[in-house]
Amino acid sequence: MSSNMQQPQSRSLVDWLSYLEQIHPVNIDMGLDRVGLVARRMELTELPFKVITVAGTNGKGSSCAMAASILMAAGYKVGVYSSPHLLRFTERVRINGEELADNDHCAAFAEVEAARGETALTFFEFATLAGLWLFRRAAPDVLLLEVGLGGRLDATNVVESDVALITSIALDHCDWLGDTREAVAVEKAGVYRAGKPAISGEPNPPATIASEAQRIGANLRQVGIDFRGDEHDSGWDYHGLNHWCDLPKPALPLMNAVTVLAALESLGLPLPESAIREGLANARLAGRMQQLQTAPLVIVDVAHNPHSAAYLASQLRQIPCKGVRRAVVGMLKDKDMAGSLAELDGLIDEWHLASLIGPRAASATQLRDALGEGRGPAQTHDAVVDAYRAALAASSPDDMVIVFGSFYTVADILAQVPR
């Protein structure tokens, strides 16, 4: 422990977060040996309530938001663990949609610090153990546990879950998860458990999803085979263990809503159809197709890889725009920048490309190179806020501004919006 650090009981949340960033030499250190050891010491691996683990390349946050909304509408007390946060670290731990006080997080960090001894933990591992401690103390009926990276070796996988679901399989974080969808699927399927429901919402699944589920002994249910959603003009119908008709279309991706219902009906808790309708209608998630203003219309979305950019494009095609569409983009250089930007071909009239800050940040010049020629005029900016202000200044009331590319990009803009 650093000699100039305050004693655990007197540290503020800012102190703790600064400390966590210093105590492990790397941000990502895959493996469950260290975090599992501390989790067992803290008795956090088998929690006394229902747990749904949510893995996938994209759609984890949306799935947790819809599942939580439905469960709360049914009267259950619901915990949600998510990452990364947009504006505040406390967003990562929610009970019935509410963040906990800074002091609660400080108490949890002190518990982890005392339990870890000489065991090194990454920022995410430390934060995950602290979150699990807070959830055990709060005793929700259901915990929705969002995986950080991959699944098999992610810190969240120290917990024995009752249901595990995979939202989607695409190439991302290839340095850690592999450079084929088959390899990525093996890592994601590591959250499945023997004898427990294993939900796959990937419509085009690699064969390794089924083979891993079989190897583990999990009870696999796959979209398109064991459950499905049929969209129509007035809403959509769910067909699985239950049949629910004319459900409201959510503000979040319908493909994730289908998977969420499969997971919830596999959980074994009573779930009134009225709660499903209410929960789907009310589910929202900051940074996902979030509208900040009209005239000009401003939308922010955390799309940061080709898969999520393709969904963003599909949504934009449904939004009429009489004027000019401008995009404000900032990305991390370890993402598929060219592939992500290509998904918006034909939808953007003018690009405002911004440099992010940090070792993983792409510069505006790198983004312009990834954009290539023939996709409309592109301006480069030193910061996301500068790019955003330039795009707004150039826009008339009939125009549209779309901000995307990274959680960091969206967070920079949301920080400018009065709370």
Donor on one side chain, acceptor on other, Gln22 and Ser18, under 3.5 Å: yes
Walk me through whether Met42 and Val112 qualify under side chain to side chain contact (heavy atoms under 4.5 Å, CB included). CA-CA 8 Å; Met42 298 179 72; Val112 177; 3.8 Å; yes
Apply side chain to side chain contact (heavy atoms under 4.5 Å, CB included) to the pair Leu392 and Arg389, showing each step before the final yes or no. CA-CA 5 Å; Leu392 278 184; Arg389 288 173 178 158; 5.8 Å; no
Are the side chain of Thr208 and the backbone N or O of Glu182 linked by a donor-acceptor pair below 3.5 Å? yes
Answer yes or no: is there a donor N or O on one side and an acceptor on the other, between the side chain of Lys77 and the main chain of Ala138, under 3.5 Å? yes
Got Lys50 and Ile52 here, is their nearest side-chain heavy-atom distance under 4.5 Å? no
Answer yes if the side chains of Asn256 and Thr259 hold a donor-acceptor pair under 3.5 Å, and no otherwise. no
Apply the test side chain to side chain contact (heavy atoms under 4.5 Å, CB included) to residues Phe126 and Ile23: give CA-CA distance (whole Å), side-chain angles for both, the deciding distance (0.1 Å), then the verdict. CA-CA 10 Å; Phe126 208 113; Ile23 60 172; 3.7 Å; yes
Tell me, do Trp244 and Asp237 make a side-chain contact under 4.5 Å, heavy atoms counted? no
Do Asp154 and Thr156 have side-chain N/O donor and acceptor atoms under 3.5 Å apart? yes
Is Leu280 close to Ile276 at the side-chain level, that is, under 4.5 Å between some pair of heavy atoms? yes
Check: Trp16 main-chain N/O paired with Arg11 side-chain donor or acceptor under 3.5 Å: no
When you check the gap from the basic side-chain N to the acidic O, do Glu202 and Arg181 get nearer than 4.0 Å? yes
Evaluate whether atom CD of Glu46 has more than 12 neighbouring non-hydrogen atoms of other residues, nucleotides or ligands under 6.0 angstrom away. no
Verify the neighbour count for atom CG of Asp382: are there more than 12 heavy atoms of other residues, nucleotides or ligands below 6.0 Å? no
Distance-only polar pair, side chains of Asn58 and Ser168, donor-acceptor under 3.5 Å: no
Any side-chain to backbone donor/acceptor pair from Arg360 onto Leu332? Under 3.5 Å, distance only. no
Are the side chains of Ile95 and Leu100 in contact, using a 4.5 Å heavy-atom criterion? yes
Which atom names give the shortest non-hydrogen contact between Glu146 and Ser82, and what distance separates them? OE1-CB, 3.2 Å
May I ask you to decide if Ala108's main-chain N or O and Arg137's side chain share a donor-acceptor pair within less than 3.5 Å? no
Does Arg326 use its side chain to pair, donor to acceptor, with the backbone of Ala394 at less than 3.5 Å? yes
Among Thr167, Ile199, Leu285, exactly one meets side chain to side chain contact (heavy atoms under 4.5 Å, CB included) together with Ser63. Which residue is that? Thr167
Taking the side chain as everything from C-beta on, heavy atoms only, tell me whether Met289 gets closer than 4.5 Å to Leu312. yes
Can you check whether Gln315's main-chain N or O pairs, donor with acceptor, with Arg317's side chain at less than 3.5 Å? no
Supply the atom-to-atom distance Ile402 CD1 to Leu297 CG, rounded to the nearest 0.5 angstrom. 8.0 Å
Work out which heavy atom in Pro359 is nearest to a heavy atom in Lys333; give both atom names and the distance. O-CE, 3.1 Å
Is there side-chain contact between Arg325 and Asp399, with at least one heavy-atom pair below 4.5 Å? no
Is there a side-chain contact between Phe124 and Arg92 (heavy atoms, below 4.5 Å)? yes
Does atom OH (Tyr408) have a neighbourhood of more than 12 heavy atoms from anything else shown, all under 6.0 Å? no
From CG (Leu37) to CG (Leu121), nearest 0.5 Å: 9.0 Å
Residue set satisfying side-chain contact (heavy atoms from CB on, under 4.5 Å) with Ala275, at least two apart, ordered chain then number -> Ala73, Ala74, Pro272
Might you point out which heavy atoms bring Lys249 and His232 nearest each other, and give the distance in Å? NZ-O, 3.0 Å
Closest non-hydrogen atom pair, Ile166 against Gly56: CG2-CA, 4.3 Å
Looking only at heavy atoms, the pair that brings Ala251 and Arg284 closest together is CB-NH1, 3.7 Å
Calculate, to the nearest 0.5 Å, the distance between atoms CG and CD belonging to Asn242 and Glu273 respectively. 9.0 Å
Any chance the side chains of Thr409 and Asp412 put a donor and an acceptor closer than 3.5 Å? no
Rounded distance [0.5 Å steps], CG in Asp104 versus OG1 in Thr90: 10.5 Å
Can a donor-acceptor pair be found, under 3.5 Å and without considering hydrogens, that links the side chain of His304 to the backbone of Val302? yes
For Ile357, does the CD1 atom have more than 12 heavy-atom neighbours from other residues, nucleotides or ligands under 6.0 Å away? no
Between Arg116 and Glu113, does any side-chain N to carboxylate O distance fall below 4.0 Å? yes
Which residues satisfy the side-chain hydrogen bond (donor to acceptor under 3.5 Å, both in side chains) test with Tyr238, sequence neighbours excluded? Glu265
Before you tell me yes or no, could you show the steps for Asn305 and Asp336 under side chain to side chain contact (heavy atoms under 4.5 Å, CB included), namely the whole-Å CA-CA distance, both residues' side-chain angles and the distance that decides it to 0.1 Å? CA-CA 6 Å; Asn305 53 35; Asp336 182 355; 5.9 Å; no
Nearest 0.5 Å, please: how far is CG in Leu165 from CZ in Arg221? 11.5 Å
Has Ser69 got a side-chain atom pairing as donor or acceptor with Met66's backbone, closer than 3.5 angstrom? no
Let me confirm one number: the CG-CD distance from Leu86 to Glu91, rounded to the nearest 0.5 Å. 5.5 Å
Report yes if some heavy atom in the side chain of Asp141 is under 4.5 Å from a heavy atom in the side chain of Phe49; otherwise report no. no
Should we say atom CG of Asp246 is surrounded by more than 12 heavy atoms from elsewhere, each under 6.0 Å from it? yes
Residues Asn157 and Val191: closest non-hydrogen pair is OD1-CA, 3.5 Å
Of Phe123, Phe89, Trp133, which is the lone residue that meets ring-ring contact (aromatic ring centres under 6.0 Å, His included) with Phe109? Phe89
Is the backbone N or O of Gln366 less than 3.5 Å from a side-chain atom of Asp369, with the two atoms forming a donor-acceptor pair by type? no
